[in-house]
Each structure stands twice: as structure tokens, then as C-alpha cells.
Undergrad: 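Have a look at the structure that comes next, please.
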Amino acid sequence: MQRLGCGAIDRSHIGSHVEFNGWVNRRRDHGGLVFIDLRDRDGLTQVVFGPEDSPAFEEAHSLRNEDVIRVRGAVRARPAGTENPRLKTGEVEVQALELQVLSRSEVPPFPVNLDEDVDEGLRLKYRYLDLRRPRLVRNLTVRHKYLKAVRDFFDANDFLEIETPVLIKPTPEGARDYLVPARLTRGSFYALPQSPQILKQLCMVAGLGRYVQIARCFRDEDLRSDRQPEFTQIDVEMSFVEQEDVMRIMERMMIETFERTLGVTLEKPFPRLSFGEAMRRFGSDKPDLRFGLELVDAGAIFAGTEFAVFKSTLESGGAVIALRWPGGAASSRREFDAIVERAKEHGAKGLVWIALGADGVKSPIAKFLDGRTLMALREACGAQSGDAILIVADKTPTAQGVAGKLRLDVAERAHLRDPKSFAFCWVSDFPLFELDEETGHWTFTHHPFTSPAPGHADLMESDPGSARALHYDMVLNGVELGSGSIRITTPELQQRVFHALGMSNEEIQERFGFLLEAFRYGVPPMGGMALGVDRIIQIMVGESSIRDVIAFPKNQQGRDLMLEAPSPVTKANLEELGLRLAGEQR
RNA sequence: GGCGCUGUAGCUCAGUUGGUUAGAGCGCCGCCCUGUCACGGCGGAGGUCGUGGGUUCGAGCCCCAUCAGCGUCGCCA
């Protein structure tokens, strides 16, 4: 007897005897006839129990949602007129001859057989029930297929999948580490990797050539809808390559894996922007290219303006940046107030709006807008009657950043962010360092192993802010999927970068001595990249939260509501590790 | 750590200016029903209104505190 999945039967099975195992999705009990929709991962199959099938028929009355049953019976065509076109298996049904109840279910805490929004805390507590629902099954299936395609791609391109350890060494830079006390070395701690960065570089020193890993990474920072404390990266490193080589193979990988997973054909090559261009045109280092609405430098247009804010901004070398809001002119005063408020949340001091209504132009600064200025603005923004124009004035980076965020706001309002389209791009030529506002110290944009661009090494000391890096990001729909870089491979240069970051020789030796030592034994030029799997899948399936593409995610407090982790440990546990909780008596 | 939204039946929600006995749909329980597929019909059970305090003759509703979930800023090499 054939054992089949509930989504698997069709007309070709008519007449055959089959066995099904699954969960009762729904019972429709007509007294003299009982219908059961049987569910498993694949889908639904209708099972029919009639009085002639007794004793199965008798027991069928007692079935309840989520009971686990085994049914043996015959596949037959449904009577003409009773087919269900909404069901994949809707042309056929199973006439039950034998019924075995394998497990009874209590009434579940939320409906499993409806695609209804349920409180997420409840879903997470009973994740095993949530995972029975088709939406999450689909997400996990896409994830599986995608990772399979990724592995196949790298296998076909001569990469070795290598597992690196999860218990490694703390790295005080960057994100907060998860620490694990070392029982055998009291007072010392392992850290969980924020990424296998150094290990994969050492794989290159080892001569392994092309490394890939579907790597779990850990960062002890606050959670967001797109951030979990543990997450998965496609981690890649290659020897004897330049930036172009890495970008090409990663781009090819995305094109092939999207094709294989979703059957979509991505446009190639991916557009490329420099960091500076991305900031100028889109006000973001991860531009959403699903729509236009490029930023407009309106400095020249307002060169002679009497409007004090614009005037003083321009005189002090700042920027006046304009942005088209499609259809924005129809907005109410309240909606304009809201967008001004958004601009302030984004860090602007204020926002000027101009409504290009059919019945005339409205704006808080209308009296400063002569016909020529308006015409020039309209032209530069590509705005039409019915649109609005938003203008931000500030120091250039601030104005760009604010305008970039407003660009996303207005795109959202105008429904231009189509979740079904995939707009990739590359952003490169990042600054090597950025200034930490709090400490006033230079810190790395990517990570401290990133090579300066050719000819930029000396800028590290003379003008750190203007040094560029061999660093590239892959961006999809305004989301940074991941970063890569060409690595530093000379101990001297690496040392200079550490110095530029304010590290002493002792610190360098203590933290990264092993790496510098490794570089003394013959190190190939190398570069690589890491891409966030969870975000890729999230965009592929159009979910608004990364949690919906992870089987067992943590909530905003970093807790697993199902396992109730983290949890306290016993005094004996602590003692064995040589730990005592602060504030606790001896 | 800051800010915002939410918390009423198992689930999703409604609940008027503070006023008698807190409602609906689904689910659940019982009975009936041979072609349903959100089956249908009849009947029924089910509520510390997140928690604590306060104001008031009277609080689901107002005030304060607190807990939880989500979003967001900080944070995220």
C-alpha cells in the first residue's frame, strides 16, 4: 500500500489503495456521512467516511481538530459537481476503509486551520502549532530550497563548505559578544562569533582557497523586526581575488539561486553605485531602487533666496535638498504636519513643503517662491501638478540622510515599494573609517581587516575621514543584505589600521597577535562577503518580520517563549563555573 | 535606557458622556443531519475587563504605578 502526502494525490491515483497520516484540519459531520480534511506539510486531502465503512465511520464522529490519524482507503474521483477547485487535491477524495487514531489533541489555544492574525506572543509560546500553518510551512520551505540552491552553487564553483567553531575568542570591538564561561579555565570566557571573519581568513592562510559556510552568528544587541540575536549568514571567502571577482561571483550566485528558488529572473548586471553617489542620489548607503524619486540638490535654485533658513544653510556650506512626493498635493494640512514631524524624527530641524495643487501652489514659504524658482524646482524634481515637493536644508550629510528617509516615507505613502519586485544593487567605495560621535574616535565602517583602496593607505594617518576602502555592499529593496571587502594581508598595514583606531601595540598583540603571526607565514590576497539569509528569505516571501522565516525565533526581549529561555541556573551551576551573581551574598 | 501603540470569553474584536445583568463572530460542549468543503439546524457552557493602587455614590471606561506583546530611537565590527 502506497503512503502518500496529503497534498500529493490527484486523478492519477484514482483506484489505488493508499495510506495517509496527518492532522485533522477540519471535520464536517453530516451524521450519515463524515468529511475530514486531513493535513500534513504538503497540503490537504478530503477523506470521506460513510456508514458502509463502519467501524471507521463510527469513530470518525469523535475526531476533533488536530487529532493525529492514519487512514487507509481508496482514492476515487469526487462525484460530479462536488469538486473543490480551491484545493490542489480537490478533484479526488479518499474513501476511508480503516481509521486509526494515533493521538488526540486538546483544543488548541489558537485556530491552526485559519490564516487569522494571532497575538505573536501566543504564536511563539506554541510555535509548534504556529508551524503547522501553511504560511510558515511555505517560508521554511523557501528557506530550505534557497539554502540548497546556495550550497549547490558554491559546490559547483569549487568552494569548500567548512564549519568553524562556535566557541571562540571575545572581540571587544563591534557588537556586544555573547560570553560563555570556561569551566576548565576559571575566570575566562569564550565568546560566540559575531561572524566567522577571522577564522575564514585563516582558512585562506591555510590554502583552502574558496570557503563557504552557512554560518550562525551571534550579537548581543537589542532586537528589531529585522534583527535576531542569532542569525544566519552565507559566509564566503576567496583567495587570489580582487573586489571585482568577489562581486561577480556573488552576483551570479544571487541570480542563480533566485531563479532556482522562485523561478524569477533578476536583471543583470546589478546596478552599481559609489557610496558618495548613493548618498547624493538617494540619501542612503542602501538605496531602494524599486522606484525613482531621486534627491535634487536645489542649492543653485535657491542661490539668491531671501528665505532665511535656506540662505544661511547655503552660506555656511550646507545643502538644500528637494524631493518629489507623488500625489502629495492632495494631502491634508494634518498629513503635511505629520510628514514634517517625520522629518524631525529623522533628525531634521524642519521641513518645507510645497503642494502643487491644481488650484494653485500652497506652501508655508509661498511668499519666497517666485515663478522662476517654482518652475526650476518642478523641472528638477520631475514634479507634476498634483505632486508635492519636500525640501530639507542642513549640513550636507544630515540633509541627505533626512531626505533619504523621507524618500522612503513618501514612497510608502504612494505605494511605490512593491514587495513583489526585487531591485538589487551594489554600493562600493565606502569610507574606511567613520567618526564615532560619542567618543570622537575613528572607528571602522566595515571591520578592521578591510583593505584601504589603492593609494589611500597613507590617508589613514593624514586624513582618516577621506580614506576609501575596498568594501562593497549588496543591497536589495533598500535592505543591506551583506557586506564584503578585500582584506589586509600585510602585518604592517594591518598594524597601521589598528593604530589608526587608537589601539596600542600591547592590545593589538593580545587581541590579534595570532592573526598577525599567521600573516608572516605566507598569506594569499583574499576577499569575501557575508549575506544575511534571514533577510533574503524575508524579502523573498514578503514577510514584515524576520521572525516569520525562522523556525524558533526569540521575542523582542530576546526570550524564547516556548522554551522559556533564558532561565536562572542553580547555585551549583554557578559554583562549578566559578561565578557569583552581583549583589549576592557569599 | 527613551518614546509610541496594544492588552475585554479559548481566538479575533466591539463596548456610547463614568450608570442596571459586559456583547458579537469564530471556536468549544450536547442533540439532529448522506455530498460537504468557512457544511447546515436546534440548544448550551464560558469573563479576576493584564496586575496593583487611586478618584468617585458608582470604573472595562478617568488618574498613577507596574507587567507583558509589538513598533521605534539609542545600540547593531
Side-chain angles (χ1 to χ4, degrees), chain A residues 25-39 44-53 57 60-61 64-66 76 78-87 89-90 93 95 105-126 129 170-177 191 193-198 217-229 231 341-342 344-347 405 432-434 436-438 443-450 469 471 480 483 485 497-498 501 511-512 530 532 544-545 547 554-557 559 561:
Chain A
N25 192 63
R26 180 168 265 126
R27 180 178 109 257
R28 290 180 296 279
D29 193 336
H30 290 221
L33 199 60
V34 180
F35 298 95
I36 297 290
D37 288 341
L38 194 61
R39 184 191 69 238
L44 296 176
T45 286
Q46 173 165 285
V47 182
V48 188
F49 297 83
E52 63 276 15
D53 311 325
F57 171 68
H61 293 297
R64 294 294 181 271
N65 289 347
E66 304 311 315
R76 65 185 182 198
R78 293 196 184 191
T82 67
E83 300 88 351
N84 185 349
R86 293 197 299 163
L87 215 57
T89 61
E93 63 188 10
Q95 180 185 19
S105 172
E106 291 183 18
V107 178
F110 60 85
V112 174
N113 55 11
L114 295 177
D115 187 25
E116 180 178 75
D117 274 341
V118 175
D119 174 73
E120 199 175 358
L122 202 63
R123 290 173 52 204
L124 289 174
K125 179 171 178 188
Y126 298 97
L129 298 180
T171 48
E173 308 288 342
R176 200 175 290 114
D177 281 322
Q194 297 181 25
S195 85
Q197 182 62 36
I198 294 176
C217 305
F218 305 86
R219 293 176 193 175
D220 186 6
E221 298 291 346
D222 284 8
L223 286 74
R224 288 285 187 283
S225 55
D226 63 347
R227 266 168 30 197
Q228 283 273 303
F231 59 99
E341 204 44 48
R342 285 293 285 173
K344 287 179 179 165
E345 285 168 22
H346 295 324
K405 288 175 183 140
L432 187 60
F433 300 126
E434 48 195 28
D436 184 323
E437 301 282 349
E438 263 177 49
T443 175
F444 33 83
T445 304
H446 182 35
H447 58 52
F449 317 111
T450 302
H471 162 195
E480 181 200 315
S483 294
S485 64
V497 169
F498 288 142
L501 294 168
R511 289 190 206 169
F512 299 111
S544 59
S545 164
R547 293 184 296 271
K554 291 168 181 59
N555 76 356
Q556 203 173 56
Q557 304 307 313
R559 286 204 277 264
L561 296 174

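Chain naming here is simple, since letters A, B, ... match the order of the sequence lines and numbering starts at 1 in each. Below, each value reflects all heavy atoms present in this structure, side chains not excepted, and no hydrogens, waters or symmetry copies.
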Undergrad: Under 4.0 angstrom, heavy atoms only, what part of the nucleic acid is A:S225 near: base, sugar-phosphate, or nothing?
TA: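 Sugar-phosphate, backbone atoms only, no base.
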Undergrad: Which atoms of nucleotides 26-28 of chain B (N or O only) lie under 3.5 Å from a protein N or O atom, and what are those distances?
TA:
none

Undergrad: Check the geometry between A:F110 and B:C11 and answer yes if their rings are stacked (centres below 5.5 Å, planes below 30°), otherwise no.
TA: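 Here the ring of A:F110 and the base of B:C11 are not stacked, as the 5.5 Å and 30° limits are not both satisfied.
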Undergrad: Would you say the base of B:G35 and the side-chain of A:R76 have a donor-acceptor pair closer than 3.5 Å?
TA: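 Flag set: donor-acceptor pair detected.
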Undergrad: Tell me whether the ring of A:H30 lies stacked over the B:U36 base, given a 5.5 Å limit on centroids and a 30° limit on the plane angle.
TA: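 According to the criterion (under 5.5 Å, under 30°), no, A:H30 does not stack.
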Undergrad: Could you tell me how far B:C13 sits from B:G58 if I compare only their C1' atoms? Round to whole Å.
TA: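 Roughly 27 Å separates the two C1' atoms.
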Undergrad: I'd like the P distance from B:G47 over to B:C11, given in whole Å.
TA: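 Looking at atom P only, B:C11 and B:G47 are 13 Å apart.
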Undergrad: Could you tell me whether the side chain of A:N555 and the main chain of A:R559 form a donor-acceptor pair under 3.5 Å?
TA: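 Yes; at least one donor-acceptor contact below 3.5 Å.
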Undergrad: For B:C29 versus B:G46, give the span between their P atoms, rounded off to a whole number of Å.
TA: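 Each nucleotide's P atom is 15 Å from the other's.
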Undergrad: Kindly assign one of parallel, tilted or perpendicular to the pair A:F449 and A:F512, based on the angle between their ring planes and the thresholds 30° and 60°.
TA: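 Correct class here is perpendicular.
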Undergrad: Should the side chain of A:R559 and the base of B:G69 be counted as holding a donor-acceptor pair, with the cut-off at 3.5 Å?
TA: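 When only heavy-atom distances are counted, A:R559 does not reach the base of B:G69 through any donor-acceptor pair under 3.5 Å.
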Undergrad: Contact between A:S485 and A:H447 at the side-chain level, heavy atoms closer than 4.5 Å - yes or no?
TA: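 Of all side-chain heavy-atom pairs linking A:H447 with A:S485, at least one is under 4.5 Å.
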Undergrad: Whole angstrom is fine here: how far is it from CD in A:E345 over to P in B:G4?
TA: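 Going from A:E345 (CD) to B:G4 (P), I get 12 Å.
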Undergrad: Using only modelled atom types and a 3.5 angstrom limit, is any donor from either the side chain of A:Q557 or the base of B:G69 paired with an acceptor on the other?
TA: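 Answer no: no donor N or O sits under 3.5 Å from an acceptor.
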